[in-house]
Each structure stands twice: as structure tokens, then as C-alpha cells.
There are 2 protein chains.
Amino acid sequence: MRESTALDRMICFQLYAASRAMTSLYRPHLDPHGLTYPQYLVMRILWHDGPTTVRDLGRTLRLDSGTLSPLLKRLETQGHLRRERGTHDERTVWIHPTETGTRLQTDIGDLSHALACATGLTTDELHQLHTLLHRARGTAPTPPGGTTA
Amino acid sequence: MRESTALDRMICFQLYAASRAMTSLYRPHLDPHGLTYPQYLVMRILWHDGPTTVRDLGRTLRLDSGTLSPLLKRLETQGHLRRERGTHDERTVWIHPTETGTRLQTDIGDLSHALACATGLTTDELHQLHTLLHRARGTAPTPPGGTTA
DNA sequence: CACCAATCAGTTGTGCACAATTGAATTGGG
DNA sequence: CCCAATTCAATTGTGCACAACTGATTGGTG
């Protein structure tokens, strides 16, 4: 298969392609549960942190309400979470995992190990990659939804 | 800003976030020319390789016709390329850059250096990252040479 | 030649991303 | 206290991604 030399040298294209390839590795594990990858990320945060707000989800995932609002509405329709307008500050919306949503965690199980292996990288290389990605992202200007420095 | 420890450890989320962050670095450079990032990738291939087919664009970019067909139609509307059904094999569609499309290359200039710098990574780290990403995607190892954004 | 499987681009439908805007709630300065 | 600026979620509109499908074309096999 031909490789475009020009593209081959672009870090950005490598990121773009690798990200989509990795997401497609998750798909067969998530599809049976009716979850998309971004929805799975939201559920992971709920499993890990418990009830949170739309604002904090956006900060953590670097997504704005334009993306999150419809996504959360779909997760609510599926019965995985409940949205509730805050009482103290009525601008914020709290997201609570439901029992159904919590049960998903054990149903899906731990995907990270299987998928780390699927990359074919060693533990050391995965750690290197992780560090490089985090640093590359950390220096970048504020992503959408983020707080302005 | 809070970081979800769970997400923080996911290579896949790091890829997902880094890819979007990097794309958003390109946006201010491409917006003035009316290009999106995937459209820019297509134009780069045309600039580098000349006329090509929808099939080969898909193989190079790892995108199917469901994504490429409307994208190419928009680039054609903008006058950057011309679509032409093949004569030898009438199933394939050839994509030709127009003069307008070719002129874009000099108008936009070389973004890779500026954007590689924006990551804050050293040349060595960029090369490492490039190699790791390429391997994670399950493709052949990177040939030696300069690494650009 | 006849026919069937594979190839190719396009279409449809769903779900992100993200810019821009809206409108309600809150905060802070005077 | 009052009002302007800010915060927050939602909505609208555009453009990817990708699965599933369609329909035309081609290639291989009997």
C-alpha cells in the first residue's frame, strides 16, 4: 500500500490516524453495550469520581457543552445517568450515575490491558508514549471549554 | 484544573485529546483559507503526488468514501480540485488539483515547523513520538528522515 | 459466453467536535 | 442595592467519521 511521504512525516497526521485506530479498537468492546467511545469516557469519570457537573466533565474531557449536552441526553435516555439542575447554583447541572450505569462498569470490565496489548507496544514504550502525549498536549494553548489562562 | 486520575492513565484518551489539541493548532492557519484539517490533508496529498484516485486517498488517509465523497465535493465546490470518472476503469474517480488548489500550497506555506515548535517537544522527542505512533497503528516502521508536525 | 464475487464511489443515518449564539443565574464593583 | 460582566448549559449550524447499504463496473471461473 502506498504511503504518502509527505503525510508520513506529519506528527499531526500520525496522531489523527492513531487516535482513530485506537478508538476503533474499543468499538467492538463498547458496541454490545450500546456505548460510543466518548460516552464510555464520560461513564469512566462517573465510575471513578461519582456525581459530577457538566462543567467539570467538560474540563476533564476538553469538550464543550455543544458536544456534551446531546451526548449526556443520550446517556440519560439509555438510563445510564440522571441529569439534575443544581439547587445551590441553578446554572450548573449535576450528572449522577444510575444503578444501571454503575452496573456497566462490571459488565464491560477492564479494557485497558487488552487494548494496550493490541497496540503491540511494550510497557516501556506505552509509558514513553503516554509521557510524550501528555507533554505535547500540556504545552498547547487552551483547548475549547478550557479555562482561559 | 482537576485531572481524572482514571482518564489520565488511558493512552487512548491521551491520543484522543492530543489529536484534537493538535488539530486546533492548525485551525487558525487553515480557517483564513476556508480549509478544514481533513481537507488540508487531502490537498497535501494532491500537492505532493499530483492527480490521484478516491480509492488511494482513502488508503492513505484511512478514510472511506462515506467521509471522502462529501469532503471532495466541498473541495470541488471551492474550486480546489476537479473530479473525473476514469475512462479505463469507470468505477474509479480521479481527483485533479486545479490551479487554484495548487496556488493554495504557496499561500498557506509550511506549517509543520511552527506547529512542531508549538508542542514544546524537542526534535528528538518528536521523532520518538512519531515512531511510537506509527508502531502503535500497526504499520511499518518509520523510514529515517526529518520529523515534522 | 454466463454468472457470480469483488471492487468502487456514492448515499443515508447516527453521533461526535466545535464555533457562535441564546438566555438564565450569579458575581462583583460602585 | 443596582447593573454590567461573567458563568453556565443548551441550541443551531457545519463538517467530519463510520456503519450499512445501493448500484454500477469489472474480473475470474466454469
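Keep in mind it's a predicted model, so treat the numbers as computed, not measured. Chain A is the first sequence line, chain B the second, and so forth, proteins listed ahead of strands; every chain is numbered from 1.
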Checklist outcome for this item: Quick tally for nucleotides 2-14 of chain C: nucleotides whose base has a protein heavy atom under 4.0 Å get B, sugar-phosphate-only ones S, the rest -, giving -----BSBBB---
When the distance from [atom1] of [X] to [atom2] of [N] is rounded to whole Å, what number comes out?
X        : N       : atom1 : atom2 : value
Leu63(B) : dC16(C) : CG    : P     : 19 Å
His88(A) : dA25(C) : NE2   : C1'   : 12 Å
Met43(B) : dC16(D) : CE    : P     : 13 Å
Glu90(A) : dT27(C) : CD    : P     : 12 Å
Leu57(A) : dC8(D)  : CG    : P     : 13 Å
Asp64(A) : dA20(C) : CG    : P     : 12 Å

Checklist outcome for this item: Applying ring-ring contact (aromatic ring centres under 6.0 Å, His included) to Tyr40(A) and not counting sequence neighbours gives Tyr26(A)
Next on the checklist: OP1 or OP2 of dC16(C) versus the side-chain N and O atoms of Tyr16(B): is any pair under 4.0 Å?
Outcome noted: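 No, Tyr16(B) has no side-chain N/O under 4.0 Å of OP1/OP2 on dC16(C).
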Checklist entry - Is there a side-chain polar atom (N or O) of Arg27(A) under 4.0 Å from OP1 or OP2 of dA17(D)? => result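 No.
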Checklist entry - Considering residues at least two apart in sequence or located in another chain, which fulfil the side chain to side chain contact (heavy atoms under 4.5 Å, CB included) criterion with Thr100(B)? => result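 Counting only residues at least two positions away or on another chain, Thr100(B) forms a side chain to side chain contact (heavy atoms under 4.5 Å, CB included) with His80(B), Thr98(B), Arg103(B).
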Item to check | All salt bridge (Lys or Arg N to Asp or Glu O under 4.0 Å) counterparts of Arg85(B), not counting sequence neighbours | outcome: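 For Arg85(B) there are no salt bridge (Lys or Arg N to Asp or Glu O under 4.0 Å) partners, ignoring immediate neighbours.
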Item to check | Partner residues of Arg82(B) under the salt bridge (Lys or Arg N to Asp or Glu O under 4.0 Å) criterion, sequence neighbours left out | outcome: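 For Arg82(B) the salt bridge (Lys or Arg N to Asp or Glu O under 4.0 Å) partners, ignoring immediate neighbours, are Glu84(B).
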Item to check | Stretch residues 31-42 of chain A: residues that reach within less than 4.0 Å of DNA chain D through a heavy atom | outcome: none
